[in-house]
Amino acid sequence: MPADKSADTLPGVHELIRARWSPRAFSARDVSSEDLKTILEAARWAASSFNEQPWRFLIARKSDPEAFANMLSLLVPANQAWAKAAPVLMIMVAKRTFSHSGAPNLYAVHDTGQALAHLFLQATTLGLHAHGMAGFDRERARKELNIPDDYDFGAAVALGYLGSPDELPEQQREKELAKRTRKPLSEIVFGASFGEPFAL
Ligand SMILES: Cc1cc2nc3c(=O)[nH]c(=O)nc-3n(C[C@H](O)[C@H](O)[C@H](O)COP(=O)(O)O)c2cc1C
């Protein structure tokens with residue numbers, strides 16, 4: 001990992017969380033079926049409202065060139081430019097309604113995001129990297145990937161081993177090497193009333 005991609009956290013944060021980041025440079029090395037299964041198993045064990053497990057994963061591996069080219073073509077060009085190097089692409093979808101009642105599940109996409117966080121961290125433990133993407137054509141994806149109306153879109157994901165930033169176009173190389181930043185806790189953590197400072 002490039003030295004300064006590790007998150008500059010307060011002490012005590014787990015090394016796995018510090019080490020996870022979203023690269024654009026992926027190497028050609030494939031992800032084993034075993035690792036892919038482990039990563040999805042980790043995602044499967046995320047918490048969800050009513051234990052609905054609304055997440056579904058559509059996966060295209062480069063070893064299936066037709067499926068891979070089709071999923072890649074759904075990404076916006078800026079994402080295609082780097083995601084084409086990754087050996088695995090996914091699109092996550094979230095079941096909009098509860099199976100037990102048919103009522104809307106307002107946390108479907110939220111919980112699918114939790115599954116994505118599990119996926120990210122498990123990938124990190126295996127020496128892999130994953131990069132989420134909102135930039136893809138949902139209308140085309142629904143049609144071409146046969147996604148039923150009862151499913152909303154989560155993120156697309158590129159998964160693989162880290163590659164060399166030298167392979168990236170100039171602008172993306174800069175982002176790849178830039179220091180990672182976050183808002184300060186004071187901006188995102190409040191007391192019991194919105195905006196009220198909370199002493200940490
Ligand atoms: C749901 C989601 C959608 C994202 N969409 C894109 C995207 O379309 N293109 C892209 O290059 N990065 C995308 N990202 C990556 C974010 O820009 C990245 O996570 C953020 O800048 C923080 O960087 P880090 O993951 O390295 O900590 C997305 C991330 C998430 C979680």
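Just follow the structure's listing: the first ligand is 1, and inside any ligand the first atom is 1. No hydrogens, no waters, no symmetry mates; every other heavy atom, side chains included, goes into these values.
Side-chain atoms of His131 come within 3.5 Å of backbone atoms of Pro23 as a donor-acceptor pair (strictly under, hydrogens ignored). Under the 3.5 Å distance criterion, the side-chain polar atoms of Glu176 are matched with a main-chain donor or acceptor of Arg24. Using a distance-only test at 3.5 Å, with no hydrogens or angles considered, a donor-acceptor pair links the side chain of Ser48 to the main chain of Glu52. Formation of a donor-acceptor pair under 3.5 Å by the Lys5 side chain with backbone atoms of Ala178 is found in this model.
Neither the backbone nor the side chain of Val76 has any atom closer than 4.0 Å to an atom of ligand 1 (non-hydrogen atoms only). Here Phe136 has no heavy atoms under 4.0 Å from ligand 1, in either its backbone or its side chain. Contact annotation: for Met92 versus ligand 1, there are no heavy atoms closer than 4.0 Å.
A donor atom on one side chain and an acceptor atom on the other are found under 3.5 Å apart for Arg61 and Ser33. At a cut-off of 3.5 Å, with distance as the only test, no side-chain donor of Trp45 or His118 sits close to an acceptor on the other residue.
For atom 17 (O) of ligand 1, the closest non-hydrogen atom on the protein side is His131 NE2, 4.8 Å. Ranking protein heavy atoms by distance to atom 4 (C) of ligand 1, first place goes to Gly132 O, 3.2 Å. The protein heavy atom nearest to atom 9 (N) of ligand 1 is Asn79 OD1, 2.8 Å. Ranking protein heavy atoms by distance to atom 26 (O) of ligand 1, first place goes to Ser22 N, 2.9 Å. Distance from atom 1 (C) of ligand 1 to its nearest protein heavy atom, with residue and atom name: Ala155 CB, 4.0 Å. In terms of protein heavy atoms, atom 3 (C) of ligand 1 is closest to Ala134 N, 3.3 Å.
A centroid separation of less than 6.0 Å is found between the aromatic rings of Phe50 and Phe98.
Near Gly135, meaning under 4.0 Å from any of its heavy atoms, are these atoms of ligand 1: 8 (O). Listed by number with element, the atoms of ligand 1 under 4.0 Å from a non-hydrogen atom of Arg24 are 11 (O). Each of the following atoms of ligand 1 lies closer than 4.0 Å to a heavy atom of Trp21: 26 (O).
Using a 4.0 Å cut-off between charged nitrogen and carboxylate oxygen, Asp166 and Arg173 do not count as a salt-bridge pair.
Relative to the six-membered ring of Phe136, Arg138 meets both conditions, a distance below 6.0 Å and an angle of at most 45° to the axis.
When distances from atom 20 (C) of ligand 1 to the protein are checked, no heavy atom turns up under 4.0 Å.
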